[in-house]
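Accompanying notes for the structure given below.
In the text below, chain A, chain B and the rest are named by the order of the sequence lines, each starting its count at 1. Scope of the values below: all heavy atoms of this structure, side chains included, with no hydrogens, waters or symmetry mates.
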Amino acid sequence: MDLLAPLNPQQKKAVTASDGPLLVLAGPGSGKTRVLTHRVAWLVQERQVPPWRVCAVTFTNKAAREMRTRLENLLGHARAAELTLGTFHATCARILRREAETIGLSRDYVIFDADDQVTLVRRLMREQNIDDRRFSPSAVHSAISRAKNELIPPESYQPSTYFGEIVRRIYEPYQQQLRANNGLDFDDLLVETVRLFQEHPEVAARYQERYLHTLVDEFQDTNMAQYLLLRALTARHRNLFVVADEDQSIYRWRGADYRNIARLRQDYPDLMTCLLEQNYRSTQNILDTAQAIIRHNRDRTEKQLFTERGQGLKAVIHEAYDAEEEADWVVERIVELKAARKARLGDCAVMYRTNAQSRALEEAFLQAGLPYRLVGATRFYARREIKDLIAFLRLAQNPSDSASLVRVINLPPRGIGAQTIEVLEDAARARGVSVWQVVEAAAARSPHSPARSADSPPLSERAIRAVTAFHNMVAGWVVLHEEVTPAQLLERVLTDTGYEAYLRDGSQEGEERWENVLELRAVAAEYAGATLSDFLADVALVSDVDNLTEEAVDAPTLLTLHSAKGLEFPVVFIVGLEEGLLPHVRSLDDPEALAEERRLMYVGVTRAKERLYLTHASRRSRYGEYEPSTPSRFLEDIPLELIEGDGAVVVGHRRLQAGSRVAAWDSPRAAPPSPPAPRFQRGQSVTHPSFGPGIVVESHPDRNDEQVVVAFTRAGVKRVLASYLQASEESDTKGAQRGKRVR
DNA sequence: CTAGTCAGGCTTTTT
DNA sequence: GCCTGACTAG
């Protein structure tokens with residue numbers, strides 16, 4: 001089989017480049033990842049490099065998984081399995097798991113996820129009486145995170161503002177607490193690996209010798225720690241192969257620095273550069289639109305993107321009245337495209353700047369009875385019930401994880417209230433031990449041992465009994481976890497805690513939460529051959545896009561512009577193109593941040609293969625208040641000849657030719673057709689094509705239709721349009737009551 | 001100790 | 001307009 005057959009000459013050149021440092025600068029849709037994948041396959045197949053001596057690094061699990069699948073096809077399962085292939089974080093997690101003791105870490109460390117990290121910061125701030133309303137814990141945390149990514153340790157942190165002073169006071173205890181809990185946060189995974197290599201040259205040498213070739217995807221997104229890691233890894237063989245697109249650098253806020261590309265040129269004077277300019281994804285009009293937007297950024301290498309996919313359609317720009325009508329418009333277009341057989345539902349994606357914007361869209365899809373896939377928002381592993389169960393599992397592995405312990409010590413309620421927890425925490429702090437050790441001491445005191453020994457926390461008899469029961473339960477898991485699979489342990493946790501009964505309280509929400517638990521159970525079952533540590537580490541490092549597999553669901557995808565990177569869709573909608581939203585308010589006063597917003601827009605536009613719709617609303621609600629909104633400056637950068645108006649397009653001061661729909665959209669509230677008499681009344685039984693039977697709770701006329709709030713027997717309370725409803729005979733008051741409670 | 005109500009604050013983006 | 005955290009009644 002000829003590996004190189006599907007590649008163009010530019011791509012071939014990159015794939016077969018000679019050894020040494022190499023930078024592939026490439027535009028969107030140019031087959032960057034494909035080049036990287038083929039390079040790996042080519043090294044193994046043509047150059048006879050043993051797969052275990054190749055290390056390929058990506059930013060998302062999804063990218064890693066896709067690359068692995070392709071390599072399985074190209075090289076066969078056995079050889080693909082030998083490759084080191086994963087995200088930066090996962091790769092470091094594995095190295096640290098192996099080398100933990102060398103730098104004084106425990107092999108069983110747990111990874112603190114974003115929530116855990118901020119919770120810890122909040123707790124420390126409170127302990128130091130720092131007002132967590134004046135200074136947001138997440139801001140403090142991200143300052144700490146930035147420092148860590150720059151490899152600035154707590155003792156060298158130099159604050160220059162009062163806020164910085166707060167950060168300095170939290171940074172050190174934050175690190176201490178992490179270590180006391182045997183925990184690492186995301187940044188630690190990178191930083192500690194770098195430290196490992198710096199402080200232990202003999203360990204570094206092993207990896208440097210082993211990895212003959214190191215390859216990196218999305219190099220423009222690397223931060224300082226990641227860059228140093230790569231430099232350390234490639235110190236011996238210097239075979240660093242990276243692909244990058246400066247114009248798609250959108251993670252500056254979490255420490256990514258596209259100047260690492262310049263740094264690379266400096267540190268590797270013999271760096272070779274390849275350019276990939278042909279685009280295989282989009283039509284020329286879409287590329288031109290993207291170019292028109294990105295061209296305004298300084299400090300970039302201008303690329304001439306071209307495509308052979310033809311001129312294609314112009315971008316459609318639409319001004320809606322508000323977010324709700326914007327969402328309705330998007331849904332209408334999708335329905336239209338489907339009806340005209342121009343696109344399948346699954347071909348469409350709707351992208352936005354902030355997760356909060358998904359709500360209006362979801363409602364519009366629900367009302368239309370259309371399915372959709374939502375990426376992000378509340379991530380699966382951030383859900384309360386999942387975090388609870390993960391906390392139990394973490395305790396089984398490491399009961400000293402006080403954060404997890406405090407989280408679940410009273411879940412489901414077992415008589416250990418805030419008062420008791422505080423006593424336990426105080427005792428732990430006073431004695432410099434973990435909360436678990438205090439729990440152990442309390443348990444050892446019951447049932448008959450003489451009360452109030454100096455060592456035990458001052459707890460009531462009742463509290464002692466409750467704490468002891470909890471202790472015995474967890475102690476059982478600690479023993480068990482060595483012997484059984486993660487899935488079996490999870491089963492045991494579920495039975496011991498009675499978690500199912502606790503969740504399934506008869507409410508709709510409870511059922512949904514229980515379904516999430518079942519999903520977690522299914523995931524755990526896949527780890528039959530792995531340890532609990534492996535399972536927990538993976539769980540902490542997956543993101544939501546990762547679950548966006550090529551499932552057979554034919555539904556539009558809703559996602560943030562950030563999650564959209566690396567994906568492509570025939571039809572793309574970008575909504576909320578307004579000043580303050582894209583670009584976001586928080587970026588307006590910083591030129592660097594503004595440039596990044598522009599790149600974000602660029603990423604969005606270049607996801608589209610054939611059709612691009614850009615919408616903005618004339619007013620938008622913020623904190624429940626409506627405020628007027630002006631079109632994004634990025635819209636003004638698109639030349640008129642690339643735009644097709646639909647009649648109501650306002651781009652800055654330019655107004656396109658107005659069509660017949662102007663009146664409707666320009667003055668939507670001006671003269672609503674006199675509201676028709678409501679067709680549905682409270683208490684009436686109805687059926688909906690997707691939600692089934694239900695009872696009308698309330699109904700009021702909308703502009704063209706009627707908004708009906710229905711308590712569905714199965715689906716809970718929803719707001720739907722009358723046109724989707726049918727009156728039905730039987731009545732079901734029980735459903736209505738239950739629905740009401742959910743609301 | 002729990003479950004319910006209320007006020008206030010908040011919204012970028014994610015490994 | 002939604003969620004979190006604080007407060008109150010049982």
So what does T420(A) touch, heavy atoms closer than 4.0 Å: a base, only the sugar-phosphate, or nothing?
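Since only primed, P, OP1 and OP2 atoms lie under 4.0 Å of T420(A), the category is sugar-phosphate.
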Reckon F59(A) touches a base, only the sugar-phosphate, or nothing at all at heavy-atom distances under 4.0 Å?
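Contact class for F59(A): sugar-phosphate only.
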Side-chain N,O ([X]) to OP1/OP2 ([N]) below 4.0 Å:
| X | N | answer |
| --- | --- | --- |
| T60(A) | dT14(B) | no |
| S563(A) | dT14(B) | yes |
| T560(A) | dT14(B) | yes |
| N355(A) | dT14(B) | yes |

Look at atom CD of Q128(A) and say whether more than 12 heavy atoms of other residues, nucleotides or ligands are closer to it than 6.0 Å.
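Yes, the 6.0 Å shell around CD holds more than 12 heavy atoms from other groups.
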Residue-level proximity of residues 581-589 of chain A to DNA chain B when a heavy atom falls under 4.0 Å
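Going residue by residue through residues 581-589 of chain A, the ones with a heavy atom under 4.0 Å of DNA chain B turn out to be H584(A), R586(A).
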Residue-level proximity of residues 216-226 of chain A to DNA chain B when a heavy atom falls under 4.0 Å
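Contacting residues: none.
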Candidates [options] - which lies nearest the side chain of [X]:
| X | options | result |
| --- | --- | --- |
| R359(A) | dT12(B), dC3(C), dT14(B) | dC3(C) |
| T87(A) | dT14(B), dT15(B), dT11(B) | dT15(B) |
| H89(A) | dT14(B), dT11(B), dT15(B) | dT15(B) |
| R353(A) | dT12(B), dC3(C), dT14(B) | dT12(B) |
| A114(A) | dG5(C), dT11(B), dT15(B) | dT15(B) |

Please determine whether a side-chain nitrogen of the Lys or Arg among [X] and [Y] lies less than 4.0 Å from a carboxylate oxygen of the Asp or Glu.
| X | Y | value |
| --- | --- | --- |
| K565(A) | E218(A) | yes |
| R620(A) | E578(A) | yes |
| R633(A) | E579(A) | yes |

Using ring centroids (six-membered ring only for Trp), state whether Y171(A) and Y174(A) fall under 6.0 Å.
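That pair fails the under 6.0 Å test.
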With a 6.0 Å cut-off on the ring centroids, do H562(A) and Y251(A) count as close?
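Close enough - the centres of the two rings lie under 6.0 Å apart.
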Please tell me whether T560(A) and S563(A) have a donor and an acceptor in their side chains that are separated by less than 3.5 angstrom.
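The answer is yes; a qualifying pair exists.
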Hey, which of these two, S138(A) or R254(A), hits DNA chain B nearer its 5' end, going by closest nucleotide?
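With S138(A) and R254(A) compared, the 5'-side residue is S138(A).
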Among all residues two or more places apart in sequence or in another chain, which pass the salt bridge (Lys or Arg N to Asp or Glu O under 4.0 Å) test with R254(A)?
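In terms of salt bridge (Lys or Arg N to Asp or Glu O under 4.0 Å), with neighbours along the sequence ignored, R254(A) is linked to no residue.
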Quick test: give all pairs of protein nitrogen or oxygen and nucleotides 2-5 of chain B nitrogen or oxygen below 3.5 Å, distance rounded to 0.1 Å.
residue, atom, partner, partner atom, Å
dT2(B), OP1, N410(A), ND2, 3.4
dT2(B), OP2, N410(A), ND2, 3.3

Quick check on side-chain hydrogen bond (donor to acceptor under 3.5 Å, both in side chains): which of R195(A), R179(A), Q117(A) does D188(A) satisfy it with?
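So, applying the side-chain hydrogen bond (donor to acceptor under 3.5 Å, both in side chains) to D188(A) and each of R195(A), R179(A), Q117(A), only R179(A) qualifies.
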Please state how far atom CE in M601(A) lies from atom P in dT13(B), giving the value in whole angstrom units.
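Distance check: M601(A) CE to dT13(B) P gives 18 Å.
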Please give the distance between the C1' atoms of dT12(B) and dG5(C) as a whole number of Å.
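One C1' to the other, the span is 23 Å.
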Considering only the P atoms, how many Å lie between dT4(C) and dT13(B), rounded to the nearest integer?
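Their P atoms lie roughly 15 Å apart.
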Measure the shortest side-chain to side-chain distance between Q248(A) and P28(A) over non-hydrogen atoms and say whether it is less than 4.5 angstrom.
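Q248(A) reaches P28(A) side chain to side chain.
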Contacts of R259(A) that satisfy side chain to side chain contact (heavy atoms under 4.5 Å, CB included) - sequence neighbours left out
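Side chain to side chain contact (heavy atoms under 4.5 Å, CB included) check on R259(A) returns D257(A).
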May I have all residue pairs that pass salt bridge (Lys or Arg N to Asp or Glu O under 4.0 Å) and include part of residues 405-420 of chain A, sequence neighbours excluded?
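Found D388(A)-R407(A).
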